[in-house]
Amino acid sequence: MEHPLKVYNSLTRKKEDFIPLNPPFAGMYVCGPTVYGDPHLGHARPAITFDVVFRYLQHLGYKVRYVRNITDVGHLENDADEGEDKIEKKAKLDQLEPMEVVQYYTNRYHEFMNKLNVLNPSIEPHASGHIPEQIDMVQKILDNGMAYEAEGSVYFDVENYSKKYQYGILSGRNVDELLSNTRELDGQSEKRNSADFAIWKKASPTHIMRWKSPWSDGVPGWHMECSAMGAKYLGTPFDIHGGGMDLLFPHHESEIAQSVAASGVQPVKYWLHNNMITINGQKMGKSLGNFITLEEFFTGNHATLDQAYSPMTIRFFILQAHYRGTVDFSNAALQASGKAYERLMKAFERLEAIVSGAAGEFDVNKLSKDCYEAMNDDLNTPMVIASLFDAVKFINAAADKQTSMSEEQKLALMKIRKDFIEDILGLKQEGMEAAAGKGIEDDLMKLIIELRLKYRQDKNFAMSDFIRDELKKAGVELKDTKEGTEWMKN
RNA sequence: GGUCUCUUGGCCGAGUGGCUAGGCGCCGGUCUGCAAAACCGCUUACUCCGGUUCGAAUCCGGAAGAGACCUCCA
């Protein structure tokens, strides 16, 4: 592949050339949601980030298998002995079957990902559908002496693992500290060491979700699913593993340990991590309870939101920042993104209507080159967007006849639009005001606008302004454009 | 407390040892009966203190502030 794509690898802490293990194939695994709540803005970030990775790898010609899991079992509130499964807890609360909760929130997740124009992954495995694979892996780890059984649960033996391998290779944590400064803390635990983590958990009598295993009726540990499903669908090792930075430790660290303990092989070549979305400078997340769901963004129905924000505004907002930096949510920032997005899309829409002539002062080849370079430099989408705004200026100038554009330039810009805006960044035109077309309301507005037009033609501006002002009070705004009068509800 | 990261103009956000990112806002203009929208122009920043260098916002050291992970979180 001649495009020298570089990605930042959390494992080596360096930008590295992306060279897949088996070109032209590329395998990517991304940690998907635990489906026990509505998707919020924080979920949109990895989904969009790795959607762009998926899209770009495909654009470069790779045959990509993209696996993004659904965690529907095994994600415990904590690793303590009485730790409750998140799904099951929610199910009890709502008096539903756990799988009803799973189905509902999986559907919700899909619904909102579609709105954000996030492509479906190639495979979307559920943890609950891969219990045998996980049991197999637990057995292998036991066989290799890297885990022990206690009271029907199986725990990963960090201390023993560390004699041969490095627990902490990804997160940079020092095992000796992990082991020593926690040893005294828990006398009552089944674990030999509090750094150990459950890879199989015996179900308490009240547990609804449970599977038979050689050790007990129980559930797999949270980290197991990703190791087992990644190996099953992408092999060992595979190319890319993605997820949020908050999963780096302990989730991804433990994934590595499990896979290495089972197979002896480093399971992943490139670890990619997106950073967090913050609100008032703090991470937006479940535990702090400061998250805003995607539905709330799309409807504007939340106390801290000044207005509704469209899915593409959210997508654009996220792409305007580099994926490894935090991005701070605010109404002002989202409003700015919304406007910028509109301007970008409108300009490229005007492109089609431009009558070509002599070539204008604009180097489209350089633009294309800049966009590729930005993408290749660890997926620098904000840079791509900045470059695209150079084209916006040129297109607008040509559309306003301030300069001319050759057919060649026009076609090249159309290709930029197709490649970068649509295929790679995944931005799409959002339906202009869906407010129109609502039966009698629409007919009435048509009548009012017609009346007002009459007044305007008679130069009775007092009356036409009166109509506009009164409508505004009623929450309807009028705009006179060259194509006629538009209206929209506020 | 341990590990790590960050601090850029009114706001959001790239980037880099010398070549004014970009967006939004503000202001000015074009257009329009007016308004809005749209378009054009303008707006020269890099927490502080030392050091290295011909030259640092960019490298090194220190200080202050903020954040992430260490328990569940995307």
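We name chains A, B, ... by the order of the sequence lines, and we start the count at 1 in each one.
Scanning for salt bridge (Lys or Arg N to Asp or Glu O under 4.0 Å) contacts around A/D246 gives A/K283, with sequence neighbours left out. Partners of A/D38 under the salt bridge (Lys or Arg N to Asp or Glu O under 4.0 Å) rule, at least two apart in sequence or in another chain, are A/R108. When the salt bridge (Lys or Arg N to Asp or Glu O under 4.0 Å) test is applied to A/K393, no partner is found at least two apart in sequence or on another chain. For A/T293, the side-chain hydrogen bond (donor to acceptor under 3.5 Å, both in side chains) partners two or more places apart in sequence, or in a different chain, are A/E296. For the side-chain hydrogen bond (donor to acceptor under 3.5 Å, both in side chains) test, no residue two or more places apart in sequence or in another chain qualifies with A/S162. For A/K339, there are no salt bridge (Lys or Arg N to Asp or Glu O under 4.0 Å) partners, not counting sequence neighbours.
B/G13 and B/C46 have their C1' atoms separated by 13 Å, given to the nearest Å. Between the C1' atoms of B/C42 and B/G28, the separation comes to 7 Å (whole Å). Distance check on atom P: B/C24 versus B/U43 gives 16 Å, rounded to whole Å. Comparing B/G15 with B/A56, their P atoms are spaced 22 Å from each other, to the whole Å. B/C27 sits 16 Å from B/G10 when the P atoms are compared, rounded to a whole Å.
The side chain of A/K346 sits closest to B/A38 out of B/G13, B/A38, B/G22. When each of B/C70, B/A14, B/C24 is scored by its nearest atom to the side-chain atoms of A/M383, the top-ranked nucleotide is B/A14.
A/G42 comes within 4.0 angstrom of a base, heavy atoms only. Contact annotation for A/V327: backbone-only contact, meaning every heavy-atom pair under 4.0 Å involves sugar-phosphate atoms and none involves a base. A/L41 comes within 4.0 angstrom of nothing in the nucleic acid, heavy atoms only.
Here B/G33 presents its C1' atom at 19 Å from NZ of A/K479, a figure rounded to the nearest Å. Look at CD1 on A/I467: it is 19 Å from P on B/C34, rounded to the nearest Å. In this structure, A/K286 atom NZ and B/A68 atom P are separated by 18 Å, rounded to whole Å. The CE-C1' distance, from A/M245 to B/C6, rounds to 11 Å in whole Å. Between the CD1 atom of A/I395 and the P atom of B/A38 there is a distance of 16 Å, rounded to whole Å. In this structure, A/L248 places its CG atom 11 Å from C1' of B/A68, rounding to the nearest Å. Taking atom CG of residue A/L170 and atom P of nucleotide B/A68, one finds them 19 Å apart after rounding to whole Å.
Ring geometry for A/W271 against A/H241 counts as parallel: the plane angle stays under 30°, on a 0 to 90° scale with 60° as the upper cut. Using a 30° and 60° split on the angle between ring planes, A/H251 and A/H223 fall in the tilted class, from 30° to 60°. Aromatic ring pairs are classed by plane angle as parallel below 30°, tilted from 30° to 60° and perpendicular above 60°; the pair A/Y372 and A/Y56 is tilted.
Put simply, A/F461 rests on the base of B/G33: the two rings are less than 5.5 Å apart at their centres and nearly parallel, under 30°.
Nearest-nucleotide positions on RNA chain B place A/N380 closer to the 5' end than the other of A/L478 and A/N380. When each of A/P382 and A/H40 is assigned the nucleotide of RNA chain B bearing its nearest heavy atom, the one mapping closer to the 5' terminus is A/P382.
Paired with A/D378 under the rule side chain to side chain donor-acceptor pair (under 3.5 Å), one option of A/K15, A/K6, A/R324 passes, and it is A/R324. Each of A/L234, A/V53, A/V268 was scored for a side-chain contact (heavy atoms from CB on, under 4.5 Å) with A/M28, with one residue passing: A/V53.
Sorted by residue number, the members of residues 312-326 of chain A with any non-hydrogen atom under 4.0 Å from RNA chain B read A/Q320, A/A321, A/H322.
Contact annotation: A/N275 side-chain N/O to B/U5 OP1/OP2 distance is not under 4.0 Å.
No more than 12 heavy atoms of other residues, nucleotides or ligands sit less than 6.0 Å from atom CG of A/N280.
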At a cut-off of 3.5 Å, list every protein nitrogen or oxygen paired with a nitrogen or oxygen from nucleotides 25-27 of chain B, distance to 0.1 Å.
residue : atom : partner : partner atom : Å
B/G25   : OP1  : A/K339  : NZ           : 2.8

Protein N or O to nucleotides 40-47 of chain B N or O, pairs below 3.5 Å:
residue : atom : partner : partner atom : Å
B/C40   : OP2  : A/R343  : NH1          : 3.3

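Cation-pi check for A/K286 over A/F291 is met; the charged atom lies under 6.0 angstrom from the ring centroid and within 45 degrees of its normal.
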If you look only at distance, which donor and acceptor atoms sit under 3.5 Å apart when one is on a side chain in residues 453-462 of chain A and the other is two or more places apart or in another chain?
residue : atom : partner : partner atom : Å
A/R456  : NH1  : A/D480  : OD1          : 3.3
A/N460  : OD1  : A/M463  : N            : 3.2

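Annotated stems with RNA chain B as a participant read B:1-7 with B:64-70, B:10-12 with B:22-24, B:27-30 with B:38-41, B:47-51 with B:59-63, given as range with range, by first number; only runs of 3 or more Watson-Crick or G-U pairs under 3.5 Å qualify.
A salt bridge (Lys or Arg N to Asp or Glu O under 4.0 Å) check over residues 112-127 of chain A, counting only residues at least two apart or in different chains, returns the pairs A/R68-A/E124, A/E111-A/K115.
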